[in-house]
Enquirer: 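One structure is given below, represented as structure tokens, and several questions about it will come after.
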Amino acid sequence: MASLALHFSTSHRTLLSPSPVRRLHRTPSYASLISQAGALKTLVRSPDFRGVSVVGKKAGGLGWRRKASVAGAGMAAERGEGKKLNVFDSEEDLAVALAKYTADLADKFSKTRGSFTVVLSGGSLIKSLRKLVEPPYLDSVNWSTWHVFWVDERVVPKDHDDSNYKLAFDGFLSKVPILPGNVYSINDALPAEGAADDYEICVKHLVKSNVIGVSESGLPKFDLMLLGMGPDGHVASLFPGHPLVNEKEKSVTFIKDSPKPPPERITFTFPVINSSAHVALVVVGAGKAGPVHAALGNSQNSDVLPIQMVSPAGELAWFLDKEAASKL
């Protein structure tokens, strides 16, 4: 990684309810809803880093070989515009910054587009969003404009412990007043292939209705993707060495042989991920320092990890705690 000059400075359509997650009745597919209604209206109702900031009291402890000048309590570096790396002393500091980042983008897109499309992932990401359900954001955010999607989902019932929907509902969605019709989970009554096709139909119709933006290449353009990363460097359900990392034709696809259980999942593909206006990669813990180094450091490994394939046309912002950044 090139040297950096541093300076220091300080809808749900079917399942969202206020009651705890439980086994809920099955619902029709998005495709059948569209077919029956004849219109989207019914559906909606029912890595080249150009900027780096490192935040923390002991930024020098990261061990980066950088030319630095002191000007405060944080640390930042610049390499142009658009791509940013943020490193925090603690996960708590990261969560505070991530909430502000997300709320600011929500406000921006709500005012300019009338809606805010945000894509969630599973894992530790939901915990890191916890500050959004607290003051001042709980009352100040215009939650009515939010449209929530998942970058990937396990093909399990929505009240199953492996469900990304359940994780998000328990930790986030049940605590904020997002409109139930604006939260889009998969149809868990369908097999993996059918669930992927159904979700792709949903996304395409929301693009046609201008709820979701469209990229120059004609792909769905979400306002913000909030992505985590696995210890093996996987993102979404796109795993190292799996053929799906090279999928170019479909926006949403399925996997039946996931190396991480459960085996059946659906996932957005890299063309859609990289069409996003903003992507935030949120990575916490020393167990993920290796893939972070592969993506951002001077790794000599010739095998490209999925995390290295996240390269959006818009802004890419990394949010790391100091443990995840410890090998940089």
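Nothing fancy with the numbering, it's 1 onward along the sequence.
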Enquirer: Identify the heavy atoms of N142 and W146 that sit nearest to each other, and give their distance.
Expert: O-CD1, 3.4 Å
Enquirer: With no hydrogens and no angle check, do the side chains of D152 and S237 hold a donor and an acceptor under 3.5 Å apart?
Expert: yes
Enquirer: Out of V151, V279, L129, L281, which one pairs with L226 under the side chain to side chain contact (heavy atoms under 4.5 Å, CB included) rule?
Expert: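 Option passing the side chain to side chain contact (heavy atoms under 4.5 Å, CB included) with L226: L129.
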Enquirer: For the backbone of K250 and the side chain of E247, can you confirm whether one donor and one acceptor N or O come within less than 3.5 Å of each other?
Expert: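 It does hold such a pair.
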Enquirer: What are the two closest heavy atoms between L328 and G297, and how far apart are they?
Expert: CD2-N, 3.9 Å
Enquirer: So Y199 and F268, would you call those rings parallel, tilted or perpendicular, with 30° and 60° as cut-offs?
Expert: tilted
Enquirer: If only atom types and distance count, is the side chain of T102 paired as donor or acceptor with the main-chain N or O of L98 below 3.5 Å?
Expert: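 Yes.
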Enquirer: Between K248 and T269, is any pair of side-chain heavy atoms under 4.5 Å apart?
Expert: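 No, their side chains stay 4.5 Å or more apart.
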Enquirer: Starting from the C-alpha separation in whole Å, work towards a yes-or-no answer on side chain to side chain contact (heavy atoms under 4.5 Å, CB included) for T267 and V252.
Expert: CA-CA 6 Å; T267 184; V252 186; over 6 Å; no
Enquirer: About how many Å separate CG of D162 and CG of L167, when rounded to the nearest 0.5 Å?
Expert: 10.5 Å
Enquirer: Does L120 belong to the same Ile/Leu/Val/Met/Phe/Trp/Tyr cluster as V133, with side-chain heavy atoms less than 4.5 Å apart forming each link?
Expert: yes
Enquirer: So, taking the atom named CG in L305 and the one named CG in D232, what distance separates them when rounded to the nearest 0.5 Å?
Expert: 8.0 Å
Enquirer: Assess the side chains of D257 and H242: does a donor N or O sit below 3.5 Å from an acceptor N or O?
Expert: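 There is such a pair between these side chains.
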Enquirer: For the atom pair CG (D161) and NZ (K166), what is the distance rounded to the nearest 0.5 Å?
Expert: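 Nearest 0.5 Å value for the CG-NZ distance: 5.0 Å.
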Enquirer: Checking side chain to side chain contact (heavy atoms under 4.5 Å, CB included) for the pair F239/V245: CA distance, chi angles, key distance, verdict?
Expert: CA-CA 7 Å; F239 293 90; V245 300; 6.0 Å; no
Enquirer: Same hydrophobic cluster for V96 and Y137, using side-chain heavy-atom links shorter than 4.5 Å among ILVMFWY?
Expert: no
Enquirer: Would you find a donor on one side and an acceptor on the other, under 3.5 Å apart, between the side chain of S110 and the backbone of D107?
Expert: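 No: the side chain of S110 does not pair with the backbone of D107.
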Enquirer: Between K108 and D104, is there a side-chain N and carboxylate O pair less than 4.0 Å apart?
Expert: no
Enquirer: Would you say the side-chain atoms of E153 pair up with the backbone N or O of I266, donor to acceptor, closer than 3.5 Å?
Expert: no
Enquirer: Heavy atoms only: give me the nearest P231-G287 pair and the separation to one decimal.
Expert: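 In this case the closest contact between P231 and G287 is CB-O, 3.9 Å.
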Enquirer: Checking D93 against S90 for the side-chain hydrogen bond (donor to acceptor under 3.5 Å, both in side chains) test, could you report, in this order, the C-alpha distance in whole Å, the side-chain angles of both residues, the deciding distance, and whether it holds?
Expert: CA-CA 5 Å; D93 292 339; S90 68; 3.3 Å; yes
Enquirer: Using every non-hydrogen atom in the two residues, find where A294 and Q308 come nearest and quote the distance to one decimal.
Expert: O-NE2, 3.1 Å
Enquirer: Does the side chain of V118 come within less than 4.5 Å of F116's, by heavy atoms?
Expert: yes
Enquirer: Given E264 and S258, is the side-chain hydrogen bond (donor to acceptor under 3.5 Å, both in side chains) satisfied, shown in steps?
Expert: CA-CA 7 Å; E264 295 194 0; S258 167; over 6 Å; no
Enquirer: Looking only at heavy atoms, which two atoms of P220 and S275 are closest? And how far apart?
Expert: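 Taking P220 first and S275 second, the nearest heavy atoms are O-CB, 3.5 Å.
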Enquirer: Only one of K322, K131, R130 clears salt bridge (charged side-chain N to carboxylate O under 4.0 Å, His left out) with E91; which?
Expert: R130
Enquirer: Backbone N or O of M309 within a donor-acceptor pair of the N274 side chain at under 3.5 Å?
Expert: yes
Enquirer: Does a side chain donor of either D223 or T117 reach within less than 3.5 Å of an acceptor in the other side chain?
Expert: yes
Enquirer: Would you compute the distance between atom CH2 of W150 and atom CZ of R265 and round it to the nearest 0.5 angstrom?
Expert: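 Going from CH2 on W150 over to CZ on R265, the span is 15.5 Å.
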Enquirer: Could you go through the side chain to side chain contact (heavy atoms under 4.5 Å, CB included) check for L132 and W143 one step at a time?
Expert: CA-CA 11 Å; L132 279 173; W143 298 104; 4.3 Å; yes
Enquirer: Backbone N or O of L219 within a donor-acceptor pair of the S215 side chain at under 3.5 Å?
Expert: yes
Enquirer: Counting C-beta onward and ignoring hydrogens, is there a side-chain heavy-atom pair between N86 and F88 closer than 4.5 Å?
Expert: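 Of all side-chain heavy-atom pairs linking F88 with N86, at least one is under 4.5 Å.
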Enquirer: Could you tell me if the side chain of F270 sits less than 4.5 Å from the side chain of S311, heavy atoms only?
Expert: no
Enquirer: Any idea how F149 and Y184 line up, ring-wise: parallel (<30°), tilted (30 to 60°), or perpendicular (>60°)?
Expert: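 Parallel: the ring planes of F149 and Y184 meet at under 30°.
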Enquirer: So, for Y165 and H160, is the gap between ring centers shorter than 6.0 Å?
Expert: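 So the answer is no for these two rings.
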Enquirer: Specify the closest pair of heavy atoms between S163 and P157, including all atoms of both residues, with the distance to one decimal.
Expert: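 What the structure gives for the nearest pair is CB-O, 3.6 Å.
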Enquirer: Let's go through L206 and H147 carefully: what are the C-alpha distance in whole Å and the side-chain angles of both, what is the deciding distance for side chain to side chain contact (heavy atoms under 4.5 Å, CB included) to 0.1 Å, and is it a yes or a no?
Expert: CA-CA 10 Å; L206 291 170; H147 293 258; 5.5 Å; no
